[in-house]
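So the structure is just underneath, and the comments pick up after that.
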Amino acid sequence: MILTEIDHVAIAVHDLEQAIFFYESAFGASVLHREVVEHDGVEEALIRVADSYVQLTTGTREDSPISKFLAKRGEGVHHIGYRVDDCAAAIESMVAAGATPIDAEPRPGSRGTTVAFIHPKGALGTLIELVQE
Ligand code: CO
């Protein structure tokens, strides 16, 4: 088994402040980390749950994948981040199983992680992010 933890569940939201306020009110949650990832056109807020995170994510520009998702589908679960020890090996393993990578090579993610996205088609309709800490 190459998955070591569910790293995060990413939820696309229209208004990050409102979404954080909802998680604070509903769960007594507090934000551990906030980051704008220019490369992906997103701003995210991480809420820690045990050894995993809920990642509230919004778009910072109209052409970002999150903004497109929000325009098409509205708010909701956007992707699942699986923690792995070796991102490149995990891509290879998923490709061998028939999946299609969006990122053929690992690249920098938020929090100083190394990540790769795998296309939902060929992965049970789920956008998967492989996350190496
Ligand atoms: Co993610």
Taking all heavy atoms of Val13 and all of Glu75, pick out the closest pair and write down the distance. CA-OE2, 3.3 Å
In the hydrophobic clustering that connects Ile, Leu, Val, Met, Phe, Trp and Tyr at side-chain heavy-atom distances below 4.5 Å, which members other than Leu124 occupy its cluster, ordered by chain and number? none
Dump the intermediate steps for side-chain contact (heavy atoms from CB on, under 4.5 Å) on Val31 and Leu46, then the final yes or no. CA-CA 6 Å; Val31 172; Leu46 288 176; 5.8 Å; no
Could you see if Phe22 belongs to whatever hydrophobic cluster contains Ile11? Use Ile, Leu, Val, Met, Phe, Trp, Tyr and a side-chain cutoff under 4.5 Å. yes
Is Leu32 reachable from Val9 through a run of I, L, V, M, F, W or Y residues, each pair having side-chain heavy atoms under 4.5 Å apart? no
Taking all non-hydrogen atoms of both residues, which atom of Pro101 and which atom of Ala99 are closest, and how far apart? CD-O, 3.9 Å
Just jot down the side chain to side chain donor-acceptor pair (under 3.5 Å) partners of His78, sequence neighbours excluded, or say none. none
Could you list the residues that satisfy salt bridge (charged side-chain N to carboxylate O under 4.0 Å, His left out) with Glu17, not counting sequence neighbours? Arg34
Nearest heavy atoms of Gly59 and Ser64, plus distance in Å: CA-OG, 3.7 Å
Do Ile118 and Thr100 make a side-chain contact, defined as non-hydrogen atoms from C-beta onward lying under 4.5 Å apart? no
Sequence neighbours left out, what passes side chain to side chain donor-acceptor pair (under 3.5 Å) with Gln18? Give chain and number order. none
Check whether Phe27 and Val54 end up in the same hydrophobic cluster, where Ile, Leu, Val, Met, Phe, Trp and Tyr are linked by side-chain heavy atoms less than 4.5 Å apart. yes
From Asp103 CG over to Thr114 OG1, what is the distance, rounded to the nearest 0.5 angstrom? 11.5 Å
Rounding to 0.5 Å, atoms CD1 (Ile91) and CD1 (Ile128) come to a distance of 12.0 Å
Calculate, to the nearest 0.5 Å, the distance between atoms CG and CD belonging to Asp40 and Glu35 respectively. 10.0 Å
Is there side-chain contact between Asp7 and Glu133, with heavy atoms separated by less than 4.5 Å? yes
Test item: Thr58 and Asp15 side chains (from C-beta on) under 4.5 Å apart, heavy atoms: no
Under 4.5 Å between any side-chain heavy atoms of Thr126 and Ile80, yes or no? yes
Please check this pair: side chain of His119 against backbone of Lys121, looking for a donor-acceptor N/O pair closer than 3.5 Å. yes
All heavy atoms of Pro106 vs all of Ala116, minimum pair found to be CA-CB, 4.4 Å
Tightest non-hydrogen contact, residues Glu24 and Ala29, listed as CG-O, 3.2 Å
Apply side-chain contact (heavy atoms from CB on, under 4.5 Å) to His39 and Arg107, showing your working. CA-CA 11 Å; His39 173 274; Arg107 63 176 177 86; 3.4 Å; yes
Measure the shortest side-chain to side-chain distance between Thr60 and Val36 over non-hydrogen atoms and say whether it is less than 4.5 angstrom. yes
Taking the side chain as every heavy atom from C-beta outward, state whether Leu130 and Val115 have any pair of such atoms under 4.5 Å apart. no
Applying salt bridge (Lys or Arg N to Asp or Glu O under 4.0 Å) as the test, list every pair that has at least one member in residues 52-72; sequence neighbours left out. Arg61-Asp63
If you define the side chain from C-beta out and look only at heavy atoms, does anything of His8 sit under 4.5 Å from Glu129? yes
Leu56 CG to Ile20 CD1 distance, which is reported to the nearest 0.5 Å: 6.5 Å
How many angstroms lie between NE2 in His14 and OG in Ser67, if you round to the nearest 0.5 Å? 10.0 Å
On a heavy-atom basis, the closest approach of Phe69 and Gly76 is CE2-O, 4.1 Å
Shared ILVMFWY cluster between Phe117 and Leu3, side chains joined below 4.5 angstrom? no
NE2 of His33 to CD of Gln55: how many Å apart, nearest 0.5 Å? 9.5 Å
Validation row: Tyr82, Val131 side chains within 4.5 angstrom (heavy atoms): no
Other ILVMFWY residues reachable from Ile66 by side-chain steps of under 4.5 Å: Val37, Val42, Leu70
Give a yes or no on whether the backbone of Ala89 and the side-chain of Ser93 come within a donor-acceptor separation of less than 3.5 Å. no
Testing the 3.5 Å rule here: is there a donor-acceptor pair between the side chains of Ser110 and Glu44? yes
